[in-house]
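Here's the structure, in structure tokens; my notes come after.
Residue numbering restarts at 1 for every chain, and letters A, B, ... go by the order of the sequence lines.
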Number of protein chains: 2
Amino acid sequence: MDTKSRSARVYPCQKCPLKDRKVFRDLTGDELNFISRFKKGELSVDKGGTVLAEGTRNPHLYTILKGWAFRYKLLTDGRRQIVNFAMPGDLVGLQGTLMGDMQHSVEALSPMLLCVFEREELLRLYEAHPALGYDVTWIAAREESILDENLLSVGRRSALERLAYLLSFIAERARDVGLFNGRPMEIPITQQHLADTLGLSLVHTNKTVRKLAQGKLLRWRDGGCEILDLERLEDLAGWSPVEFPPRPFI
Amino acid sequence: MDTKSRSARVYPCQKCPLKDRKVFRDLTGDELNFISRFKKGELSVDKGGTVLAEGTRNPHLYTILKGWAFRYKLLTDGRRQIVNFAMPGDLVGLQGTLMGDMQHSVEALSPMLLCVFEREELLRLYEAHPALGYDVTWIAAREESILDENLLSVGRRSALERLAYLLSFIAERARDVGLFNGRPMEIPITQQHLADTLGLSLVHTNKTVRKLAQGKLLRWRDGGCEILDLERLEDLAGWSPVEFPPRPFI
DNA sequence: CGCGGTTTTGAGAATCCTCAAAACCAGTGG
DNA sequence: CCACTGGTTTTGAGGATTCTCAAAACCGCG
């Protein structure tokens with residue numbers, strides 16, 4: 001189940017498939033060279049595999065190159081809360097890198113490919129390229145801002161609004177990093193994942209999903225959700241587009 | 001209502017009342033000197049005053065010296081979600097500093113005194129003292145970790161657990177930074193604040209508070225909550241103490 | 001004393017939950 | 001090729017939690 005494998009380097013940073021996306025800021029040659037040395041290899045994780053586990057101390061920090069994952073926490077009796085999803089360009093493991101033990105787990109929703117960095121070397125990045133250090137803080141602040149929004153949803157939106165908001169949000173993010181690329185907008189999650197993100201029961205989540213499916217806003221197909229009408233979904237969610245400058249990534 | 005006033009500098013960083021608390025890491029002389037120049041003044045805000053407003057762009061970044069505040073977001077129809085509380089030693093405004101417009105607001109729960117920094121100079125901090133830049137990231141990661149925990153609460157805990165958890169958490173944090181200091185553990189919030197933090201209605205929050213009050217775990221007095229039995233509160237919350245190394249602050 | 005903000009209580013209703021079971025579906029091994 | 005299995009989705013039904021509405025009580029303050 002927990003099939004991770006360290007593979008040879010397939011993507012040198014100079015040929016990073018993400019770096020030319022317009023949502024990401026451009027890196028200088030120097031920065032790219034540094035990151036290239038900072039990168040220690042690539043890790044592939046199977047669907048369902050655990051990338052990072054709560055309570056452990058992992059020597060690595062990762063940037064997602066390919067695939068989907070989710071970040072979650074558990075209560076002792078097994079109740080699970082998914083706190084965020086992660087996709088290409090996202091950094092995972094920063095919290096553990098800085099604070100010691102991981103306070104949450106990360107699991108793959110699809111086969112993944114990750115860039116591997118050494119946590120011990122992070123400070124050297126700040127020393128060598130302050131702007132990259134600043135970028136890492138930027139990335140952490142962005143995560144914070146996403147969590148604020150999720151908390152607003154779970155605390156104050158109705159089940160239907162919550163679901164619409166979550167799907168809109170995931171779809172927008174995924175589109176930005178090219179996960180759809182013209183193809184249908186399919187999100188590789190189960191309704192149990194949705195339930196654990198929204199703070200709802202599986203049954204009620206299903207009934208809510210059903211409503212959106214009847215309205216042709218989405219459909220459920222082979223273990224995933226396909227967004228059919230993002231626009232109406234965003235209306236329902238009370239979506240207010242927030243424009244950000246190109247974001248950094250490493 | 002929005003009474004802010006820029007005051008003369010009362011606390012030079014060398015005499016910062018927080019810097020010797022054991023929850024905070026020690027700063028080198030160089031670092032302290034730099035921070036001292038980085039600090040542009042002090043700001044005092046009345047109880048109920050707005051420190052930062054969602055949708056605006058503020059040229060400043062603050063560290064709280066004295067007082068309590070909360071961070072919140074609003075939906076267009078007025079529903080409010082409090083996402084976190086802030087107290088001495090906490091940095092506020094970082095998200096706006098990095099990403100542009102504020103995505104949340106910050107309001108004072110008590111009279112406050114804040115250290116004022118210029119957002120434009122933040123990058124210089126990374127350049128001059130990479131370790132301090134690293135610290136800022138640390139602070140952001142800590143906020144992230146708190147938000148994860150809040151999300152777990154709101155999404156997966158019952159009303160009673162949620163309330164017990166929230167109060168335990170606030171009390172622990174406040175104690176760490178010396179807000180009680182032997183005195184009774186009084187938290188200057190209304191039940192409306194609790195409700196908006198927990199994602200509950202005011203009425204149901206009140207009924208839940210009542211239960212804890214009947215069990216002598218807390219009592220409500222002159223516009224605030226006094227914790228009477230933190231230990232039992234933590235039991236109820238399923239509290240698992242997490243030990244962190246001394247945390248940075250600037 | 002009156003006022004605004006806050007806390008408290010009651011009552012009925014909506015949302016959301018749990019339990020239970022069936023339907024569906026892809027993969028596995030016989 | 002089929003039966004079986006485990007995971008996922010779907011549906012029904014009754015019940016618990018939480019909500020809204022409404023009003024009263026309380027309390028510091030001008």
| request: Calculate the interatomic distance between Leu198(B) atom CG and dC19(D) atom P; express it in whole Å. | output: 10 Å

| query | Could you run down nucleotides 21-30 of chain D 5' to 3' and tag each one B, S or - for protein heavy-atom contact under 4.0 Å? | reply | B---------

| said: Measure CG/Leu202(B) against C1'/dT9(C) and give the value in whole Å, please. | reply: 12 Å

| field | Qualifying residues under ring pair (Phe, Tyr, Trp, His ring centres under 6.0 Å), relative to Tyr72(A), sequence neighbours excluded | value | Phe70(A)

| Between Ile189(B) (CD1) and dT7(C) (P), how many Å, whole number? | 9 Å

| field | Pairing residues for Lys73(A) by the salt bridge (charged side-chain N to carboxylate O under 4.0 Å, His left out) criterion, not counting sequence neighbours | value | Glu149(B)

| remark: Residue set satisfying side chain to side chain contact (heavy atoms under 4.5 Å, CB included) with Ala86(B), at least two apart, ordered chain then number -> Ile64(B), Ala69(B), Asp90(B), Val92(B)

| request: Calculate the interatomic distance between Asp196(A) atom CG and dT8(D) atom P; express it in whole Å. | output: 11 Å

| Between atom CG in Leu160(A) and atom P in dA14(C), what is the gap in whole Å? | 17 Å

| message | Going by the rule salt bridge (charged side-chain N to carboxylate O under 4.0 Å, His left out), which residues pair with Arg232(A) if we only count those two or more places apart in sequence or in a different chain? | response | Asp229(A)

| request: Round to the nearest Å and state the distance from Leu200(A) atom CG to dA16(D) atom P. | output: 20 Å

| remark: salt bridge (charged side-chain N to carboxylate O under 4.0 Å, His left out) filter on Asp235(B), not counting sequence neighbours, yields none

| field | Which residues share a ring pair (Phe, Tyr, Trp, His ring centres under 6.0 Å) with Trp239(B), sequence neighbours left out | value | Tyr165(B)

| said: Using the side-chain heavy atoms of Thr190(A), tell me which of these nucleotides is nearest: dC17(C), dT9(D), dT7(C). | reply: dT9(D)

| request: For the side chain of Ser201(A), starting at C-beta, report the closest nucleotide among dT7(C), dT18(D), dT18(C). | output: dT18(C)

| message | With a cut-off of less than 4.0 Å, is there a side-chain N or O of Gln191(A) near OP1 or OP2 of dT10(D)? | response | yes

| remark: Those residues at least two apart in sequence (or on a different chain) that pass ring pair (Phe, Tyr, Trp, His ring centres under 6.0 Å) with Phe117(A) are Phe38(A)

| said: Roughly what angle, to 10°, lies between the helix axis at the start of the helix from dC1(C)-dG30(D) to dG30(C)-dC1(D) and the one at its end, five pairs per end? | reply: 30°

| Whole angstrom value for the distance that separates P of dC25(C) from CZ of Arg221(A) | 13 Å

| message | If you assign each of His193(A) and Arg156(A) to its closest nucleotide in DNA chain D, which residue comes earlier from the 5' end? | response | His193(A)

| With a non-hydrogen cut-off below 4.0 angstrom, is Gly224(B) in contact with a base, only sugar-phosphate, or nothing? | nothing

| said: For Ala159(B) versus Leu200(B), what's the shortest heavy-atom pair and its separation? | reply: CB-CD1, 3.8 Å

| query | Does any pair with a residue in residues 208-237 of chain A pass ring pair (Phe, Tyr, Trp, His ring centres under 6.0 Å), and if so which ones, sequence neighbours excluded? | reply | none

| request: May I ask you to decide if Glu54(B)'s main-chain N or O and Ser105(B)'s side chain share a donor-acceptor pair within less than 3.5 Å? | output: yes

| request: Find the distance Trp220(B):CH2 to dG5(C):C1' and express it as a whole number of Å. | output: 14 Å

| said: Holding to salt bridge (charged side-chain N to carboxylate O under 4.0 Å, His left out), I want the full list of residues that pass it with Glu143(B), two or more places apart in sequence or in another chain. | reply: Arg71(B)

| task | Considering non-hydrogen atoms only, spot the tightest contact between Ile227(B) and Ala171(B) and give its length. | result | CG1-CB, 4.3 Å

| remark: So, with a heavy-atom separation below 4.0 Å from DNA chain C, the residues of residues 206-217 of chain B are Asn206(B), Lys207(B), Arg210(B)

